[in-house]
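Contents: one structure, followed by commentary.
None of these values were measured; they are calculated from a predicted model. Heavy-atom basis, side chains included; hydrogens, waters and symmetry copies ignored.
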Amino acid sequence: MQAAQRMSTPNPTVYPILFAIGFVHLLNDSMQSVVPAVFPILEQSMNLSYSQLGWIGFALSMTSSIMQPVVGWLTDRKSAPYVLPFGMGLSMAGMLGLAFAPGFEYVLLSVIFIGLGSAAFHPEGSRVAYMAAGEKRGLAQSIYQVGGNLGQSLAPLMTILIFIPLGQFGSIWFTLVAALAVLVLLFVSRWYSHQLVRFPKAAKFHPKPVTGKRKMQSGFAITLLVFLVFARSWYSAGISNYFQFYLIEDYGISIKEAQYFIFLFLASGVIGTFLGGPLADRFGKRNVILFSMVGSAPFALILPHVRLIWIYPLFFIIGLIVLSSFSVTVVYAQELFPGKIGTVSGLIIGLAFGMGAIGSAFLGMLADAWGLYAVMILCSLLPVIGILTVFLPTDQKLKDWQIEMDAK
């Protein structure tokens with residue numbers, strides 16, 4: 001009885017935990033961002049092709065992506081609070097290996113360790129944000145995701161401040177970043193373990209059967225959502241990984257100058273991610289997902305054809321709009337499958353980005369075969385795919401499904 005009363009009591013929003021997990025998300029994704037940040041250095045020092053750079057990005061993202069749904073599925077069934085600091089230890093090993101990697105194969109092995117650490121962090125990090133959210137789930141997910149996007153946006157600055165002057169060995173400093181993250185996660189994991197009594201497993205919350213029709217509708221919706229996130233991730237990968245080379249080759253600017261453009265794109269995405277949550281609360285999650293793709297399409301289509309001076313405002317607008325749905329898609333998926341927080345978070349943040357990693361490798365091979373201009377044209381078409389968002393269930397439909405299930 002007392003346990004039931006504790007579980008029915010509304011949970012307060014625990015801001016110290018939200019900011020802590022958001023801060024570690026920043027540290028984790030900044031370490032992931034080391035890989036694309038060091039691309040220009042590896043291309044010159046190891047004489048790597050665009051295809052090889054694409055495979056490095058593929059190894060990082062795919063390792064992380066495939067394992068994220070697995071970790072989420074396992075921890076939905078058996079809680080493992082201390083998998084968070086353990087995963088960060090794997091990332092630390094990967095950063096150490098990257099600093100000393102003598103060739104392409106060793107770089108691949110190192111980024112696999114970084115990917116495994118990220119796979120352990122993301123679904124459990126989303127769960128911690130959910131547990132600490134109280135009634136403010138949209139805000140909590142925005143705080144958590146903004147940390148990650150901010151970490152990703154640091155990649156160009158890392159190239160300018162660390163890798164251009166220090167080279168590949170500069171990644172050794174990020175072992176200290178990993179160590180700091182481990183310390184914060186030990187604190188978070190201790191809190192997490194004490195909260196488990198308030199968050200029993202999904203099966204205990206939803207013993208009611210789901211009809212075959214509802215399963216088909218939910219399956220179609222999550223498949224389409226993953227595909228949309230894939231298109232968004234593929235576009236982001238094309239811009240953040242290859243547009244710097246397009247700027248260098250076609251506009252004749254230096255590596256350092258190119259990083260400022262990429263930083264602007266990623267930094268505006270941080271703002272868009274933060275604004276996406278409140279906008280979704282006001283206008284609906286599906287509407288924000290639709291706007292983030294279709295609204296950015298006109299600007300994306302003209303980007304490869306404008307003069308250099310226009311790339312700055314276009315990058316800001318595109319980054320702001322296209323990443324406004326970053327946290328919204330996670331919350332939408334969690335409401336599509338209530339109770340399966342880890343599995344759904346791992347699927348959206350992990351597997352969908354893994355398909356984006358396939359795109360990154362494909363774009364690298366396409367750049368070698370057809371040139372960077374062809375890659376930029378292909379990328380400019382991807383946001384148009386967002387028109388398929390109209391086939392997702394509306395927010396009201398998701399609520400009706402939940403009411404229908406609760407009424408059984």
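Arg282 CZ to Asn287 CG: the interatomic distance, rounded to the nearest 0.5 Å, is 12.5 Å. Taking CG from Leu363 and SG from Cys379, the interatomic distance works out to 5.0 Å, rounded to the nearest 0.5 Å. Met31 contributes atom CE, which lies 9.0 Å from atom CZ of Phe121 (distance to the nearest 0.5 angstrom). Atom CG of Leu180 and atom CZ of Phe174 lie 12.5 Å apart (nearest 0.5 Å). How far CD1 of Ile248 is from NZ of Lys256: 13.5 Å, rounded to the nearest 0.5 Å. Here the NE2 atom belonging to His122 is positioned 5.0 Å from the OH atom belonging to Tyr144, to the nearest 0.5 angstrom.
Side-chain N or O atoms of Thr394 include one that pairs as donor or acceptor with a backbone N or O of Lys397 at under 3.5 Å. Remark: side-chain polar atoms of Ser292 are not paired, donor with acceptor, to backbone N or O of Leu323 under 3.5 angstrom.
Note on residues 301-324: pairs passing ring pair (Phe, Tyr, Trp, His ring centres under 6.0 Å), not counting sequence neighbours, are Phe243-Phe315, Phe261-Tyr312, Phe265-Phe315.
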>> I'd like to know whether Leu108 forms a side-chain contact (heavy atoms from CB on, under 4.5 Å) with Leu60, so could you lay out the CA-CA distance, the side-chain angles of the two residues, the decisive distance to 0.1 Å, and finally the verdict.
In response: CA-CA 8 Å; Leu108 281 179; Leu60 173 68; over 6 Å; no
>> For a side-chain contact (heavy atoms from CB on, under 4.5 Å) check, start with the C-alpha distance between Ile311 and Leu247, then their side-chain angles and the critical distance, and finish with the verdict.
In response: CA-CA 10 Å; Ile311 294 179; Leu247 288 169; 3.6 Å; yes
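Side-chain contact between Ile253 and Leu308 is present, with at least one heavy-atom pair separated by less than 4.5 Å. Leu303 places none of its side-chain heavy atoms less than 4.5 Å from the side chain of Met376. You'll find the side chain of Met46 reaches within 4.5 Å of the side chain of Val107, heavy atoms only.
Comment: Asp395 does not engage Arg286 in a salt bridge, judged by the lack of any side-chain N to carboxylate O separation of less than 4.0 angstrom.
Remark: Phe19 pairs with no residue by the ring pair (Phe, Tyr, Trp, His ring centres under 6.0 Å) rule, at least two apart or across chains. For Phe245, the ring pair (Phe, Tyr, Trp, His ring centres under 6.0 Å) test picks out Tyr50, with sequence neighbours left out.
When all heavy atoms are compared, the tightest approach of Asn28 to Ser118 is ND2-OG, 3.5 Å. Across every non-hydrogen atom of Val182 and Gly89, the tightest pair is CG2-N, 4.2 Å. Tyr332 and Pro393 get closest at one heavy-atom pair: OH-O, 2.6 Å. Looking at every heavy atom in both residues, Leu301 comes nearest to Ser380 through CD2-O, 3.3 Å.
Tyr82 OH: more than 12 foreign heavy atoms inside a 6.0 Å radius. Around the OH atom of Tyr251, the shell of radius 6.0 Å holds more than 12 heavy atoms that belong to other residues, nucleotides or ligands.
Remark: aromatic rings of Phe230 and Trp234 are close, center separation under 6.0 Å. For Phe291 and Phe283, the distance between ring centers is not under 6.0 angstrom.
For the residue pair Glu249 / Tyr373, no side-chain donor-acceptor distance below 3.5 Å is found, with atom types taken as modelled.
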